[in-house]
Amino acid sequence: MAKVSERSVHRVWVDVILAVFVRHVKTQSSDRLGFAWVVLSPVIFIFGLAVIRGRIGGELVYGLPTFIFLVYGLVLVQGFLSLVSQSATAVTASKPLFVFRQVQPISPVVAVALYELLVRSAVFLILIYIGYLLGFDIAIDSPLLLMYSCLIVLLLGLSVGLLFGLLEAVVPEVKKIRSLLMRPVFFISGIFFSIKDIPYHYWPYFTWNPLLHAVEVARSAASDAYGREGVDFYFMTYTCFGLMCAAVVVYRYSWKELVAR
């Protein structure tokens, strides 16, 4: 008689996430170039913008090489926007899978987060290596602070994406609102500028954005000379924690209804 092994709840959840992760990878890399193009496309885009910004704005931005300055901004902000979009659509796109008792709405969101983390990490490492080959100073003065900033961006994108995903599953028109709200984020999150470039009396119009704080903190982690003027480490932390709590509460009281639809 064949022996039937029982799996724990956590083991089942991990297996489901891995299965959805593999499904998502196959969906995103279905052409001949596959996963390579998923990574190379943002690398080419960011490298092109970095070269243009370097020629226009000079070699250094507050002690940080312009190329490295732009890499941190673009990788983090693009990663946030992509994670919000992918997480929000993952809930609706995975509805057919909810007929299986083991699959819950949070599973595809976590799988998408892992996928985006893998892609953005690969993009960042490739760009940093290109910067090294070009002779830029790529030393990181505070590696732990840099990792913390990246974690904040990941959790922010995951929380905002989950909130939008749950709302869009009930009211599809929310997708249009999300698209409208996310467009300005690319321009107001410090990709092409530092908060120190803005006159002090205009700071309140920008510092409400926790993503801007995370980008600036990441740059200061790369180079102590860059500084953290105008940004608040605790603000981005508390905002991230608040959004996470809101996402968890909304999910806690809506996931059963979502599965039943």
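Numbers for residues simply follow the sequence, beginning at 1. Side chains are part of it too, since the values below use all heavy atoms of this structure and drop only hydrogens, waters and symmetry mates.
Note that CD1 of Ile128 and CZ of Phe124 are 4.0 Å apart. Values are rounded to the nearest 0.5 Å. To the nearest 0.5 angstrom, Arg183 atom CZ is 11.0 Å from Arg178 atom CZ. From Ile198, atom CD1 reaches atom OH of Tyr205 across 12.5 Å, with rounding to the nearest 0.5 Å. Rounded to the nearest 0.5 Å, atoms CG (Leu211) and CD1 (Ile152) are 11.0 Å apart. Rounding to the nearest 0.5 angstrom, the gap separating the CZ atom in Arg219 from the CG atom in Leu76 is 8.5 Å. Separation of atoms CD1 (Ile130) and CG (Leu125) is listed at 11.5 Å; rounding is to 0.5 Å.
The shortest non-hydrogen separation linking Asn209 to Phe235 is C-CE2, 4.4 Å. Taking each heavy atom of Leu64 and Ser223 in turn, the nearest pair found is CD1-CB, 3.7 Å. Closest of all the heavy-atom pairs between Ser189 and Val215 is O-CG2, 3.8 Å. When every heavy atom of Ser87 is checked against every heavy atom of Val112, the shortest pair comes out as N-CG1, 3.8 Å. The heavy-atom pair separating Leu83 from Leu154 by the smallest distance is CD2-O, 3.2 Å.
For Phe241, the CZ atom sits in a loose shell: 12 or fewer heavy atoms of surrounding residues, nucleotides or ligands are nearer than 6.0 Å. Counting heavy-atom neighbours within 6.0 Å of Tyr129 OH, excluding the residue itself, gives a total of 12 or less.
No side-chain donor from either of Tyr72 and Ser149 sits under 3.5 Å from a side-chain acceptor of the other. Of the N and O atoms on the side chains of Ser82 and Glu116, at least one donor lies less than 3.5 Å from an acceptor on the other residue.
Between Leu162 and Leu158 there is no side-chain heavy-atom pair separated by less than 4.5 Å. A 4.5 Å side-chain heavy-atom check between Tyr238 and Pro210 finds every atom pair outside the cut-off. At a threshold of 4.5 Å between non-hydrogen side-chain atoms, the residues Leu18 and Leu114 do not count as touching. Using a 4.5 Å heavy-atom cutoff, the side chains of Tyr148 and Thr237 are in contact. For the pair Asp197/Tyr62, a side-chain contact is recorded, criterion being any heavy-atom separation below 4.5 Å from C-beta on. Two residues are said to be in side-chain contact when any heavy atoms from C-beta on lie closer than 4.5 Å; Glu216 and Arg228 fail this criterion. Counting heavy atoms from C-beta outward, Arg120 and Phe80 have side chains that stay 4.5 Å or more apart. In this structure the side chain of Asp232 never reaches within 4.5 angstrom of the side chain of Thr207, judged on heavy atoms.
With sequence neighbours left out, Met244 forms a side-chain contact (heavy atoms from CB on, under 4.5 Å) with Leu155, Ser159, Cys240.
Under the 3.5 Å distance criterion, the side-chain polar atoms of Asp141 are matched with a main-chain donor or acceptor of Asp224. Between the Trp203 side chain and the Ile195 main chain, a donor and an acceptor come within less than 3.5 Å of each other. Formation of a donor-acceptor pair under 3.5 Å by the Lys196 side chain with backbone atoms of Tyr226 is found in this model. Between the side chain of Ser121 and the backbone N or O of Leu117, at least one donor-acceptor pair lies under 3.5 Å. Not one N or O on the side chain of His213 forms a donor-acceptor pair closer than 3.5 Å with the backbone of Val231.
Criterion: ILVMFWY side-chain heavy atoms under 4.5 Å apart, direct or through other members. Under it, Tyr202 and Ile188 are not part of a common hydrophobic cluster. A chain of hydrophobic side-chain contacts below 4.5 Å, direct or via other Ile, Leu, Val, Met, Phe, Trp or Tyr residues, connects Val185 to Ile177.
Relative orientation of the Phe193 and Phe206 rings is perpendicular, given thresholds of 30° and 60° on the angle between their planes.
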